[in-house]
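Labels below follow one simple rule: chain letters A, B, ... track the order of the sequence lines, proteins then strands, and each chain is numbered from 1. Just so you know, these numbers use all the heavy atoms, side chains as well, and skip hydrogens, waters and symmetry mates.
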Amino acid sequence: MTTVRIPAGWPATEAEARAVQDELRERVVLDEPGPPPGSGHVTGVDVAYDDERDVVAAAAVVLDAATLDVVAESTAIGRISFPYVPGLLAFREIPTVLAALDALPCPPGLVVCDGYGLAHPRRFGLACHLGVLTGLPTIGVAKNPFTFTYDDPAPTRGSSAPLLAGDEEVGRALRTRDAVKPVFVSVGHRVTLPNACAHTLALTPEYRLPETTRRADALCRRVLKEVSGTRA
DNA sequence: GCGACAG
DNA sequence: ATCTTGTCGC
């Protein structure tokens with residue numbers, strides 16, 4: 001497990017963070033299909049916090065896309081680098097997530113984020129941000145529609161409906177289990193929306209959330225508990 | 001101006 | 001995100 005420092009020049013104010021988003025947004029690539037589902041590696045990343053002790057734990061878990069078996073794992077511990085501000089989540093998570101990705105012993109392949117990509121007030125959510133910084137193909141799969149609207153998809157797994165910001169489709173509400181609340185898929189970097197949905201379905205044979213984020217979530221919570229328990 | 005708002 | 005018991009179900 002690696003320890004992270006907050007990068008020099010990391011935004012300290014909301015205005016600075018928005019300026020960074022405006023700059024990096026130009027580098028998002030939307031015209032690549034992305035890797036095909038079911039082959040190669042798929043990596044889930046997630047983060048857990050202990051605001052009391054100013055600790056953040058990140059995990060990256062690499063799965064074999066065909067079998068969903070765990071191929072590799074890594075974790076990183078850092079200090080909280082930004083307060084939670086809706087629309088600026090990436091500045092809170094990215095330094096530690098980058099460290100966890102760097103610590104992996106193999107290429108991550110497609111990275112699945114717990115949150116949004118283009119489905120973002122400024123069209124530059126966590127998945128876009130992470131994609132631009134790493135050059136990796138990324139998608140976002142979120143549990144909530146945030147500020148966006150959607151019509152309920154048909155009740156069968158695989159059904160979907162546009163996730164809308166007014167008239168603009170920023171992602172899809174995708175049903176991953178029959179009659180269960182959909183997840184909210186959006187493109188991050190170098191992946192197409194239909195392909196992002198296909199990956200999400202390939203990662204949800206049993207549960208609503210992708211196996212990648214379930215594994216990463218469990219791992220980062222575990223390490224957070226370990227470090228918090230170690231230092232009273 | 002006020003409220004809502006990924007994790 | 002995080003705080004939290006029991007409970008229903010495979």
Side-chain angles (χ1 to χ4, degrees), chain A residues 4 11 14 17-18 20-21 24-25 28 44-61 75-98 100 111-132 138-150 163-166 168-174 176-189 193 196 200 205-210 212-229:
Chain A
V4 196
E14 298 184 18
R18 281 184 222 105
V20 170
Q21 290 182 327
L24 295 182
R25 186 171 46 210
V28 176
V45 292
D46 196 18
V47 168
Y49 304 95
D50 184 340
D51 288 271
E52 293 285 299
R53 292 168 176 162
D54 187 30
V55 177
V56 48
V61 180
T75 59
I77 293 292
R79 316 275 271 186
I80 293 173
S81 53
F82 208 84
Y84 172 64
V85 179
L88 301 179
L89 176 65
F91 296 93
R92 186 167 166 80
E93 308 212 329
I94 274 188
T96 319
V97 168
L98 283 178
V111 177
V112 180
C113 298
D114 190 7
Y116 283 125
L118 284 184
H120 178 275
R122 306 169 64 79
R123 305 297 181 269
F124 193 72
L126 172 62
C128 297
H129 202 142
L130 190 62
V132 166
T138 60
I139 68 173
V141 180
K143 309 175 201 66
N144 300 294
F146 202 8
T147 61
F148 305 105
T149 61
Y150 66 101
L163 186 63
L164 298 172
E168 183 184 357
E169 180 176 23
V170 294
R172 301 198 68 86
L174 177 64
T176 54
R177 294 202 66 189
D178 288 354
V180 172
K181 178 180 177 175
V183 297
F184 304 90
V185 180
S186 59
V187 163
H189 184 58
L193 183 56
T200 303
E206 188 171 6
Y207 298 98
R208 176 170 89 112
L209 296 180
T212 38
T213 75
R214 298 186 67 252
R215 288 325 220 299
D217 179 76
L219 180 54
C220 69
R221 287 192 199 216
R222 187 163 64 77
V223 300
L224 180 66
K225 189 167 294 185
E226 287 171 1
V227 299
S228 291

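Taking side-chain N and O atoms only, A:N144 has a distance below 4.0 Å to OP1 or OP2 of B:dG7. Under 4.0 angstrom from either OP1 or OP2 of C:dA1 there lies at least one side-chain N or O belonging to A:R221. An OP1 or OP2 oxygen of B:dG7 is reached within less than 4.0 angstrom by no side-chain nitrogen or oxygen of A:Y49. Between A:K143 and B:dA6 there is no side-chain N or O to OP1 or OP2 distance below 4.0 Å.
Between the C1' atom of C:dG9 and the CZ atom of A:R177 lies a distance of 12 Å, rounded to the nearest Å. Taking atom CZ of A:F146 as the reference point, atom C1' of B:dG7 lies 10 Å away to the nearest angstrom. Summarising the geometry, the separation between OH on A:Y84 and P on B:dC5 is reported as 9 Å, rounded to the nearest angstrom. Residue A:D50 contributes atom CG, which lies 8 Å from atom P of C:dC3 at whole-angstrom precision. Straight-line distance from the CD1 atom of A:I80 to the C1' atom of C:dA1: 10 Å, rounded to whole Å. C:dA1 atom C1' lies 14 Å from atom NZ of A:K225, rounded to whole Å. As a whole-Å value, the separation of A:R92 CZ from B:dA6 C1' is 12 Å. Summarising the geometry, the separation between CZ on A:F91 and C1' on B:dC5 is reported as 17 Å, rounded to the nearest angstrom.
A:H129 contributes atom NE2, which lies 10.0 Å from atom NE2 of A:H120 (distance to the nearest 0.5 angstrom). With values rounded to the nearest 0.5 angstrom, A:L118 atom CG is found 12.0 Å from A:I139 atom CD1. Between atom CG of residue A:L89 and atom OH of residue A:Y84 there is a gap of 6.5 Å, rounded to the nearest 0.5 Å.
The side chain of A:A48 lies closest to C:dT2, out of B:dA6, C:dT2, B:dG7. Set against B:dG7, B:dA6, C:dA1, the side chain of A:L126 has B:dA6 as its closest nucleotide. For A:Y116, the side-chain atoms get nearest to B:dA6 when compared with the rest of B:dG7, C:dT2, B:dA6.
At a threshold of 4.0 angstrom between heavy atoms, the contacts of A:G140 with the nucleic acid are absent. Counting non-hydrogen atoms under 4.0 angstrom, A:L88 reaches a base of the nucleic acid.
No option in A:T212, A:T138, A:V97 other than A:T138 meets the side-chain contact (heavy atoms from CB on, under 4.5 Å) test with A:V111.
Where pairing requires Watson-Crick or G-U contacts shorter than 3.5 Å, DNA chain B shows no helical stem with at least three consecutive pairs.
Taking the six-membered ring wherever Trp is involved, the centroid distance between the rings of A:Y150 and A:F184 falls below 6.0 Å.
A donor-acceptor pair under 3.5 Å links the side-chain atoms of A:R208 to the main chain of A:P182, judged by distance alone.
Using a 4.0 Å cut-off between a side-chain N of Lys or Arg and a carboxylate O of Asp or Glu, A:K143 and A:D46 do not qualify as a salt bridge.
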